[in-house]
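Down below is the structure, laid out as structure tokens.
Atoms considered below: every heavy atom in the structure, side chains included; atoms not considered: hydrogens, waters and symmetry mates.
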Amino acid sequence: AEAKAEAPKAAEAKAEDGATEEQLLDQAALHAVALMQAGMTGSVREGLAAVGARRVSQIQGVDNLQKFISLLPEVPASEDA
């Protein structure tokens with residue numbers, strides 16, 4: 001179990017699982033980069049188009065970030081891991 005130190009920022013949007021918009025943005029960016037490195041840029045572009053953004057950093061709001069992450073396929077296991 002991870003200990004979560006939370007700054008008291010009432011204005012910050014939170015996802016249902018407690019993730020902040022910033023955490024979701026990090027997760028989305030890491031996932032997108034991993035997919036692009038695996039040659040799956042098209043999947044990333046489709047996810048971005050679905051939330052009306054041209055790049056991950058432009059995705060606004062917890063809902064759109066969660067939608068984008070949910071649309072991304074699993075990153076294929078690399079042979080040289």
Side-chain angles (χ1 to χ4, degrees):
E2 292 175 23
K4 287 188 182 169
E6 295 213 60
K9 275 200 251 175
E12 192 165 31
K14 286 266 178 92
E16 286 169 24
D17 61 2
T20 64
E21 189 169 343
E22 193 175 348
Q23 289 167 326
L24 288 169
L25 193 55
D26 286 347
Q27 183 184 342
L30 288 170
H31 196 147
V33 167
L35 286 171
M36 289 189 283
Q37 287 173 339
M40 298 175 69
T41 307
S43 298
V44 176
R45 284 206 190 104
E46 288 169 23
L48 287 170
V51 295
R54 297 186 63 165
R55 50 180 20 149
V56 175
S57 62
Q58 293 175 334
I59 302 172
Q60 299 290 314
V62 168
D63 290 345
N64 279 334
L65 283 162
Q66 287 183 311
K67 180 179 178 184
F68 174 71
I69 292 166
S70 74
L71 290 169
L72 295 179
E74 290 290 310
V75 179
S78 61
E79 303 298 311
D80 55 1

Check: Got a second to check how far Phe68's CZ is from Asp63's CG, nearest 0.5 Å?
Finding: 15.5 Å
Side-chain donor-acceptor distances from residues 27-47 under 3.5 Å, at least two apart:
from: His31; atom 1: NE2; to: Pro73; atom 2: O; distance (Å): 2.8

Check: How many angstroms lie between CG in Leu72 and CG in Leu48, if you round to the nearest 0.5 Å?
Finding: 8.0 Å
Next item on the list: Examine Leu71 and Leu25 and state if one hydrophobic cluster contains both, with Ile, Leu, Val, Met, Phe, Trp and Tyr joined whenever side-chain heavy atoms are less than 4.5 Å apart.
Entry: no
May I have the list of side-chain donor-acceptor pairs in residues 50-62 shorter than 3.5 Å, sequence neighbours left out?
from: Gln58; atom 1: OE1; to: Arg54; atom 2: N; distance (Å): 2.9
from: Gln58; atom 1: OE1; to: Arg55; atom 2: N; distance (Å): 3.3

